[in-house]
Amino acid sequence: MKANCSSPGETGETGSPHPPGPQSPLHQRHLDLGSGLGRSSSWTCCSSTSQIMEKSPLQTIGEEQTQNPYTELLVLKAHHDIVRFLVQLDDYRFASAGDDGIVVVWNAQTGEKLLELNGHTQKITAIITFPSLESCEEKNQLILTASADRTVIVWDSDTGRQVQRISCFQSTVKCLTVLQRLDVWLSGGNDLCVWNRKLDLLCKTSHLSDTGISALVEIPKNCVVAAVGKELIIFRLVAPTEGSLEWDILEIKHLLDHQDNILSLINVNDLSFVTGSHIGELIIWDALDWTMQAYERNFWDPSPQLDTQQEIKLCQKSNDISIHHFTCDEENVFAAVGRGLYVYNLHMKRVIACQKTAHDSSVLHIAKLPNRQLISCSEDGSVRIWELREKQQLAAEPVPTGFFNMWGFGRVNKQASQPVKKQQENATSCSLELIGDLIGHSSSVEMFLYFEDHGLVTCSADHLIILWKNGERESGLRSLRLFQKLEENGRKQWRAGRRQHGWSCGRHWKSGSWLRSLGTRPEEWFQNSLKIHILQTERRPLSPGKPVA
Amino acid sequence: MISAPDVVAFTKEEEYEEEPYNEPALPEEYSVPLFPFANQGANPWSKLSGAKFSRDFILISEFSEQVGPQPLLTIPNDTKVFGTFDLNYFSLRIMSVDYQASFVGHPPGSAYPKLNFVEDSKVVLGDSKEGAFAYVHHLTLYDLEARGFVRPFCMAYISADQHKIMQQFQELSAEFSRASECLKTGNRKAFAGELEKKLKDLDYTRTVLHTETEIQKKANDKGFYSSQAIEKANELASVEKSIIEHQDLLKQIRSYPHRKLKGCDLCPGEMEHIQDQASQASTTSNPDESADTDLYTCRPAYTPKLIKAKSTKCFDKKLKTLEELCDTEYFTQTLTQLSHIEHMFRGDLCYLLTSQIDRALLKQQHITNFLFEDFVEVDDRMVEKQESIPSKPSQDRPPSRSLEECPIPKVLISVGSYKSSVESVLIKMEQELGDEEYKEVEVTELSSFDPQENLDYLDMDMKGSISSGESIEVLGMEKSTSVLSKSDSQASLTVPLSPQVVRSKAVSHRTISEDSIEVLSTCPSEALIPDDFKASYPSAINEEESYPDGNEGAIHFQASISPPELGETEEGSMENTPSQIDSCCIGKESDGQLVLPSSPAHTHSDEDGVVSSPPQRHRQKDQGFRVDFSMENASPSSRDDSCEGFPAYELDPSHLLANRDISKTSLDNYSDTTSYVSSVASTSSDRIPSAYPAGLSSDRHKKRAGQNALKFIRQYPFAHPAIYSLLSGRTLVVLGEDEAIVRKLVTALAIFVPSYGCYAKPVKHWASSPLHIMDFQKWKLIGLQRVASPAGAGTLHALSRYSRYTSILDLDNKTLRCPLYRGTLVPRLADHRTQIKRGSTYYLHVQSMLTQLCSKAFVYTFCHHLHLPTHDKETEELLASRQASFLKLTLGLVNEDVRVVQYLAELLKLHYMQESPGTSHPMLGFDYVPSFLYKI
């Protein structure tokens, strides 16, 4: 297993302050993990194992997880190296890609491997889908993949056909984005290129930097934001007009507010986007005039008004506060900060809930589910499910109490007890409650994908993809399919005219048909098998089930 | 394994009778005759008369034109099996009863030698002196160098149990036909090849002669031919003739498949095989094209040589061996088939019948039987054959009178039914006439017949092939389809007893010379199972109409054969049925050992041959004792066996499995248990390794597994939660340092593991690397090595990491970590105070319980209203509560038992929906439930 734990799509090979050697944290993580799990298991009955208490206040959950719906899993194996990317194609399909350079299309319902796309010679650095346009004759959805072999390949997601291959890149493309409105797509490496659906290069920027563009999002007014090292660059696309037939891309503005490399960049809504840096700066920007709307720097401090930058730098290891990933809904931005999770409220402009050590190791990906649940995955190989709960009664005390002690309680407290305090009192504050964890991967979980209907897909550095499903629901679905098949078989038999004499189950032949395909009624069958059963140790005779009216 | 004789016996114990609840009686069609003397202390497995061989075997012999009848080989090829049994003598016996008119040569009116495609004949015969009974399958193979181009062979299944042969006649016949077909196909191929060679030789010879003649002609232009030239010309002519003859032979042999294969009753798989050959042969029958190329490619390097035109009958020459006669490939295939047959019919008749019924029933339950039964992988042809059994409704047979009358001798009944399509003939010695007459008194009451006509009948049939010897009884020979036999049978039945009997039997007595040869039935046809028979056979066990009392006359009970048959005679006596006791096999030994009751019919000497008397009960008892006694004397080793359970030879009713399983589960798994006796050792040695990694399949393995499981249950108080883990699909990891111990326990516990599909159980006997999530999806029972070194830390770490998916049984520390179990199912399944002592019995008990469990799971899975809303507005909660109440109230499941049934139901669903079984592993289902640590 390659133990490269950074997510290349976002960090890039910056070489700047970066997590220490990839091997050691992983090792460390495992040791931590062992003891953590030892504790979480409840060896209640005359347990002889000494329970090692850990210093880390990692929240754990026992084996009893009543709210955890995922009681079934399916391991999908097709990759030979770290699987880094998952992308949803439609309601039931998704594609996975990773360091082995292959893209695999799966059925999320059955776990069936649908296609394997071979073409890249090196690891895949970015993958994106290019939805088909209604107007376009080509209905097929496209998949674009960029690889370290400096190519981008366009695939047909239905047939697996390689539509086209572009290999004119000077550098590895690290990010791809599609501007659907303009029907173009952009590739970001050391420069930024604009392509149309037919894969004509429309225009490109000059060489931007050696580190390359690490993230790219679309913002209004035909603009895109690119994260290049510490700076954000705003580009504007000029579509062809009557005047000029040429596409053009213009550098509009450089934003230099981040102190360190920008690791994450997403759109919050039409009006704002958010960026996160390696040393834990969270900045919310106005998408229209590119000004800073809010600046959150210190995730161990709930009060954004504090000007505590100097003192904060002193202690934290930078990788503990690097912001790997964001997700957001209408109200909140959820940030994966180091090992913790933070919920930043857009209206109150402050952190309303946090879980300082949500995982044993860096959180790599988070997602918000519709039902106020948050899912996070981490380098420690686990996936955790959180629920955002409001707790009104706790308004009196500052949210993350525990940590003030460590960083000079007195002073922070003094500051916190100022106007901020009043604001807190009438605000709702929340907490993140752990409601379940999914243990399956043996190595870092790189990413996951949530399907409303089919459950959760996780991919990992252990080369596996795991499909987590709701067992109860799956059981019901299987029953449904079973009876469908029975009915089908029954109908076939019925049509064949081999109608078995005599019995039918109920008024409708339909309900009887599935039985017919069994060749015998279940009651008869059951009685038969009772007859067969010689050593009947059970006293009570069993009566076959009669349908409930 | 749903039913088995010893389980039945178990339920007969008194404590059960006292219970207020009467369990439903076993349906009649499923019951097999019980050993009638069980309550008299006799051991049903301690039998085997005066037979000199220890267990059944297959003998192949040849009637060599040079040395006469000679044994060629036995299967199993182990001198221990047939012991002191005189193979030469027996070969003589069986080869002397060849009924076929296998005449090859120049039939009148034909210019060329004609190959007769002789159909195999199937004869049951017995040699009471040797205590041997045999199903004999005669066949002829073609050999260019042999007289008349044919070499008569026969394959004989030799058993000490006459009834086994009689009742398994159909099966034996079918299986042997398959073997024979294989041999003959190979032989035809070889023969054709030989002819090709010969033709080439002849062609070459002709060319040479021709040129010589030409030379002579040229050299000699005087206008007359020298005698030398004439000689040459003659020689040339005879070569020409020979060529034509051989070409004709070749044409004949190639035309064979078209004619023969139509009525072939082989199963589809085999059929395909044959069809392949047929199609191959059909191309071959076009002599000029592919066939020749085919043959040439086989023997590319054949150089013709000069030969004599006249075919020589070379008595000095070494005849071809059987392997040479057939293609080596076909020969080995035949041997495989024969050892398969040997496996298949190994063991007690009762056992065979039970397992046949068993398989038939299991076949019926095709939806659930994959879960716990490992029979499923039994080859299709067996299953195919069995399929007819359940599908034939028993409507056409009257409510079984025989069952009320005589529940026990159903073995006999099926013999009767089998006889319904089989002629029964009796041949007696002349000296026995006195006895014969005595018997006549009884027999004629039932069937009066004209001895003379029967004599004619036999003459026609037997073609004088019975020549010498003292005590051979040809017990059966099926002759079903030929018109001749029908008219014969009618001729032999001068006074039909009743309409029923007319069809069903034809008893005749006859006397020939000094010998007592009794032919009970013959079957000289390829299409050995006539349609009406096929129909009747499945219900044969109950078909009482074909139990005409008179038939008794055709069956010779051996006083010293297996005790169940004694039961039959007893039963017969109660019905005033005359039965014949052939005293030959009791012989002097019995005279010496027993003071028989003064029944005049029973006192007889060896020369008396056949004595018939209504047996009396007290005498039966004596014989029962006697048998036991002689067992004790004769074979202490088998005594040892019976101490442990069954004698070793009766293992393995699941025939093929024995071939398929075992390569994986080696004997190590059972290593610490008692040492096995020689005969078993040979059993295990002739197993054929296979690619199927099946768990435990042979009876022996089941027995071991059962024993070890029983031991586990007694030893560990926390066996219940462990077994619950297995049943509910939670992977159980057996952790230990000692591989042998771990493997043994894993093998034992595997009997509780439900399979995913029709292939191997999800059991991994031994793993030494850290477990992975895939392992839990794949395996439900894992033996894991505990390593003390730091390397082992990874293993343990992985185990603790995935603890929610596993239950961990630590053999070294004697702890179990797994969820709580409070159900009632497992305690019944694995009661540590159980009275069951034998491993095999326990295994059957488990199977029985699991069958019940499967039926619950089936009902739960396929009850429509439990899984689909009855109307649109029904909520899921309502559905769930309905499920819960069904499980609890209707199926009577308590607490965690529900999980077991639910898990099985999921497996059933998956299995039913799976298009191609065995392609993928199902999902890993699990629960978030706390685990507990159990200690002793």
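If you're wondering where the values come from, they're calculated on a predicted model, not measured in any experiment. Every chain is numbered from 1 and lettered A, B, ... according to where its sequence line falls, protein lines coming before strand lines.
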Checking heavy atoms, do the side chain of B:L924, its backbone, both or neither come under 4.5 Å from chain A?
both
When you look at CD of A:E116, are more than 12 heavy atoms from neighbouring residues, nucleotides or ligands closer to it than 6.0 Å?
yes
N/O donor-acceptor pair under 3.5 Å between B:Y912 side chain and A:L486 backbone
no
Under a 4.5 Å heavy-atom cut-off, does chain B meet the side chain of A:L464, its backbone, both or neither?
side chain
Nearest-0.5 Å distance, NZ of residue A:K485 to NZ of residue B:K909
14.5 Å
What residue in A:L482, A:V75, A:N68, A:L73 has the most heavy-atom pairs under 4.5 Å with chain B?
A:L73
Are any of the side-chain heavy atoms of B:Y928 and A:T66 separated by less than 4.5 Å?
no
With a 4.0 Å cut-off on N to O distance, would you call B:R804 and A:D437 a salt bridge?
yes
Ranking A:E72, A:E64, A:R481 by heavy-atom pairs under 4.5 Å to chain B gives rank one to A:E72
Could you check whether any side-chain heavy atom of A:K77 comes within less than 4.5 Å of a side-chain heavy atom of B:M774, counting everything from C-beta outward?
yes
A:S442 and B:H772: which non-hydrogen atoms are nearest, and at how many Å?
OG-NE2, 3.2 Å
At what distance, to the nearest 0.5 angstrom, does CD of B:E906 lie from CZ of A:R478?
4.0 Å
Examine whether an atom of A:K469 lies under 4.5 Å from a heavy atom of chain B, and if so say whether it belongs to the side chain, the backbone or both; otherwise answer neither.
neither
Could I get the full list of ring pair (Phe, Tyr, Trp, His ring centres under 6.0 Å) partners for A:H454, not counting sequence neighbours?
A:F451
Which atoms of B:T861 are under 4.5 Å from chain A, going by heavy atoms: the side chain, the backbone, both sets, or neither?
both
Can you say whether B:F776 sits under 4.5 Å from chain A via the side chain, the backbone, both, or neither, judging by heavy atoms?
neither
